[in-house]
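Working notes, structure below.
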Amino acid sequence: MIYVGGLIFGLGLAVSGMAKPEIVLDFLQFEDFGLLFVMGGAAVVSGVAFAVATRYLDRAPLTAREYARRVKEFDRNVVLGGAVFGVGWGLSGICPGAAYASFGVGNYPILWAIAGMFLGAYAQGYVRPTSTDDTTTADATTR
């Protein structure tokens, strides 16, 4: 199921042209708003699918867990993470999902960006245990 979901996601990014960093960079420079329509359309379809799934299924198909709200508090980690993500997005023209789809359409230099994403995530995982805001995040995810 996870594989099929990823396959559909990557296919959608490739078909829409959003796997090309130059298109994403055009969006970030306010020259092409196609990405906005792709994200908006995907959010609507995803919202409808989630509403239907939660109505007719008692458990999530991938995890077999009951559907439950997971509230993420708005704290400094959200702001800091968003800023760091934005800088990386602006410099590279890719976001994580589009990076894999970009590799699939033959953009092999994207592997440098994917390696950078893994290193960044690893660095965050290494630093985070020493952060003082972890108790806030842990409390928010257990509600």
Side-chain angles (χ1 to χ4, degrees), residues 1-14 16-55 57-105 107-143:
M1 182 70 97
I2 293 173
Y3 177 74
V4 171
L7 185 68
I8 293 170
F9 181 74
L11 181 65
L13 286 172
S16 66
M18 297 305 132
K20 297 178 180 174
E22 58 271 15
I23 292 177
V24 175
L25 288 173
D26 285 346
F27 166 74
L28 293 174
Q29 295 173 15
F30 305 109
E31 295 175 359
D32 180 359
F33 293 103
L35 179 60
L36 195 61
F37 292 112
V38 170
M39 286 191 305
V44 168
V45 170
S46 180
V48 169
F50 189 76
V52 170
T54 55
R55 176 173 291 227
L57 301 173
D58 61 341
R59 296 187 177 277
L62 298 180
T63 63
R65 292 185 193 154
E66 288 186 36
Y67 286 106
R69 286 187 173 261
R70 222 181 62 167
V71 179
K72 171 72 176 135
E73 290 186 22
F74 189 80
D75 58 14
R76 72 180 176 97
N77 285 336
V78 172
V79 175
L80 181 63
V84 171
F85 179 87
V87 168
W89 193 25
L91 289 174
S92 65
I94 60 162
C95 61
Y100 300 110
S102 184
F103 179 72
V105 297
N107 184 6
Y108 302 119
I110 205 76
L111 287 174
W112 287 105
I114 293 172
M117 288 189 301
F118 276 98
L119 283 174
Y122 180 79
Q124 188 275 342
Y126 183 78
V127 171
R128 183 142 188 156
T130 61
S131 172
T132 56
D133 281 352
D134 281 349
T135 54
T136 305
T137 304
D139 289 344
T141 57
T142 56
R143 288 183 197 161

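All residue numbers in this chain count up from 1 along the given sequence.
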>> In terms of relative ring orientation, are Tyr126 and Tyr122 parallel, tilted or perpendicular, with 30° and 60° separating the classes?
In response: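 Rings of Tyr126 and Tyr122: parallel, as their planes differ by under 30°.
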> How are the rings of Trp89 and Phe27 set relative to one another: parallel (under 30°), tilted (30 to 60°) or perpendicular (over 60°)?
Replying inline: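 Because their plane-to-plane angle lies in the 30° to 60° range, the rings of Trp89 and Phe27 count as tilted.
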Least distance between heavy atoms, [X] atom then [Y] atom:
{"X": "Ala99", "Y": "Ile110", "answer": "O-CG2, 3.7 Å"}
{"X": "Ala14", "Y": "Ala19", "answer": "CA-CB, 4.3 Å"}
{"X": "Ser92", "Y": "Gly88", "answer": "OG-O, 2.8 Å"}
{"X": "Gly10", "Y": "Ala101", "answer": "O-CB, 3.9 Å"}
{"X": "Gly90", "Y": "Leu28", "answer": "CA-CD1, 3.8 Å"}
{"X": "Ser16", "Y": "Leu13", "answer": "OG-O, 3.1 Å"}

>> Side chains of Phe74 and Val79, heavy atoms from C-beta outward: is any pair under 4.5 Å?
In response: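 Yes, at least one pair of side-chain atoms sits under 4.5 Å.
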>> Can you confirm whether Met18 sits close enough to Ile23 that some side-chain heavy atom of one is under 4.5 Å from a side-chain heavy atom of the other?
In response: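 Counting from C-beta outward, Met18 and Ile23 do come under 4.5 Å.
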Rounded to the nearest 0.5 Å, what separation is found between the [atom1] atom of [X] and the [atom2] atom of [Y]?
{"X": "Asn107", "Y": "Tyr100", "atom1": "CG", "atom2": "OH", "answer": "14.0 Å"}
{"X": "Phe85", "Y": "Met117", "atom1": "CZ", "atom2": "CE", "answer": "9.0 Å"}
{"X": "Ser46", "Y": "Met39", "atom1": "OG", "atom2": "CE", "answer": "13.5 Å"}
{"X": "Gln124", "Y": "Leu119", "atom1": "CD", "atom2": "CG", "answer": "13.5 Å"}

> Ignoring hydrogens and geometry, is there a side-chain-to-backbone donor-acceptor pair from Asn77 to Leu80 under 3.5 Å?
Replying inline: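 It does not hold such a pair.
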> So, for Tyr67 and Phe50, is the gap between ring centers shorter than 6.0 Å?
Replying inline: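 Yes; Phe50 has its ring centre under 6.0 Å from that of Tyr67.
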